[in-house]
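The structure appears right after this line, and notes come after that.
Heavy-atom basis, side chains included; hydrogens, waters and symmetry copies ignored.
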Amino acid sequence: MILGIDTSAAQCAVALVGHAATVAERRAMERGHAEHLFPMIEAVLARAGAAFGDIARIAVCTGPGSFTGVRIGVAAARGLALGLGVPVVGVSRFEALAAEVRETRSQEPVAVCLAGRGETVFVQVFGGADVRPAGPVATRIESLSRVIPGACHLFAGDAAARAADSAALVPDGLPDPAVIARLGADCPGAGLPAPLYLRGADAQVPADAPPRLLD
């Protein structure tokens with residue numbers, strides 16, 4: 001069984017994907033991911049009639065998203081994989097949303113647009129026959145047209161409305177943990193997953209010199 005985890009944005013989501021069925025749980029939340037994640041994993045395992053020892057691989061969303069949320073998910077996945085002795089792989093929020101579009105619409109190319117801070121938008125283009133893939137990049141809203149090819153008519157993500165009309169929005173920007181798990185099944189698993197950050201941290205190093213210590 002493959003465990004999928006996402007705490008990168010405004011949800012805490014887990015899914016257990018096995019040979020017979022998929023069991024998943026998603027809760028909308030801005031904070032509290034650390035407190036809810038492992039109880040949710042235990043609940044999903046119980047509903048599937050499985051135990052931690054039945055997990056053969058873990059896939060975790062690496063962002064971009066909330067700095068704290070991404071770190072919680074990645075650290076939990078790496079720690080759990082170490083304890084269970086199983087491989088762990090990272091799947092970006094871009095990859096998960098693009099894969100969900102492919103599963104539901106069977107179309108390409110797809111431009112995934114995620115909201116950053118202020119006027120910043122994070123974009124990755126997944127190409128089709130006539131469009132080369134590109135990104136991920138951080139850009140301003142007014143520069144979206146320079147990043148997204150004109151041949152791209154499918155958009156996903158919580159900032160997709162800034163690039164397309166509402167008819168093109170699929171889905172809302174929160175990854176499906178079951179999609180993350182299925183993508184994780186195909187990843188080679190080389191190296192440990194790390195957070196995907198496309199902007200600097202909000203906290204800044206103080207510009208003032210530190211106080212001088214007196215003898």
Side-chain angles (χ1 to χ4, degrees), residues 2-18 21-28 57-66 69-70 73-74 77 89-116 120-139 141 143-188 193 195-198:
I2 304 171
L3 177 67
I5 297 173
D6 174 47
T7 58
S8 65
Q11 71 171 358
C12 189
V14 297
L16 193 66
V17 176
T22 296
V23 180
E25 184 171 347
R26 303 170 74 170
R27 296 184 195 173
R57 175 177 281 238
I58 299 171
V60 61
C61 184
T62 57
S66 158
V70 170
V74 171
V89 297
V91 175
S92 77
R93 202 161 147 217
F94 296 110
E95 293 167 331
L97 293 173
E100 191 169 346
V101 172
R102 293 192 195 102
E103 288 185 4
T104 57
R105 300 233 179 164
S106 301
Q107 289 179 275
E108 289 186 291
V110 181
V112 180
C113 308
L114 301 176
T120 301
V121 181
F122 306 134
V123 182
Q124 183 165 3
V125 176
F126 295 82
D130 302 321
V131 175
R132 295 180 60 184
V137 296
T139 187
I141 295 171
S143 301
L144 270 175
S145 59
R146 303 176 199 165
V147 178
I148 300 174
C152 190
H153 301 296
L154 276 179
F155 299 85
D158 53 9
R162 301 176 181 184
D165 58 50
S166 59
L169 305 186
V170 281
D172 62 0
L174 298 178
D176 184 338
V179 173
I180 292 171
R182 289 193 290 271
L183 286 174
D186 299 325
C187 292
L196 173 61
Y197 298 138
L198 294 179

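Residues A99 and V179 approach most closely at CB-CG1, 3.8 Å, considering heavy atoms. Across all non-hydrogen atoms, the minimal contact from S92 to T62 is CA-OG1, 3.6 Å. The minimum heavy-atom distance between I180 and G4, with the atom names listed, is CG2-CA, 4.5 Å. Of all heavy-atom pairs between G90 and C187, the closest is O-SG, 4.4 Å. Of all heavy-atom pairs between A156 and V110, the closest is CB-CG1, 4.5 Å. When every heavy atom of T120 is checked against every heavy atom of A138, the shortest pair comes out as CG2-CB, 4.2 Å.
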* Full working for side chain to side chain contact (heavy atoms under 4.5 Å, CB included) between L144 and V123 -> CA-CA 8 Å; L144 270 175; V123 182; 3.4 Å; yes
* Step-by-step side chain to side chain contact (heavy atoms under 4.5 Å, CB included) determination, F126 to V101 -> CA-CA 11 Å; F126 295 82; V101 172; over 6 Å; no
* To do: Apply side chain to side chain contact (heavy atoms under 4.5 Å, CB included) to the pair C61 and V74, showing each step before the final yes or no.
  => CA-CA 7 Å; C61 184; V74 171; over 6 Å; no
* Asked: Can V147 and V137 be said to form a side chain to side chain contact (heavy atoms under 4.5 Å, CB included), step by step?
  -> CA-CA 8 Å; V147 178; V137 296; 3.8 Å; yes
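With sequence neighbours excluded, the residues forming a side-chain contact (heavy atoms from CB on, under 4.5 Å) with L114 are P64, R93, F94, L97, V112, F122, D158, listed by chain and number. Scanning for side chain to side chain donor-acceptor pair (under 3.5 Å) contacts around S8 gives D6, with sequence neighbours left out. Under the rule for a side-chain contact (heavy atoms from CB on, under 4.5 Å), the partners of A181 that lie at least two apart in sequence or sit in another chain are I2, V17. Listed by chain and number, the residues in a salt bridge (charged side-chain N to carboxylate O under 4.0 Å, His left out) with R182 are E103 (sequence neighbours excluded). Under the salt bridge (charged side-chain N to carboxylate O under 4.0 Å, His left out) criterion, E25 pairs with R27, R47, sequence neighbours left out.
Taken to the nearest 0.5 Å, the CD1 atom of I5 stands 8.0 Å off from the OG1 atom of T7. Note that CD of E100 is 14.0 Å distant from CD of E95, once rounded to the nearest 0.5 Å. Within the model, atoms CG of L16 and OG1 of T22 stand 8.0 Å from one another, a figure rounded to the nearest 0.5 Å. Once rounded to the nearest 0.5 Å, the distance linking CG of L198 with OG1 of T139 reads 11.5 Å.
Without hydrogens or angle criteria, Q11 side chain to P175 main chain gives a donor-acceptor distance under 3.5 Å.
Looking at heavy atoms from C-beta onward, I148 lies in side-chain contact with C113 at the 4.5 angstrom threshold.
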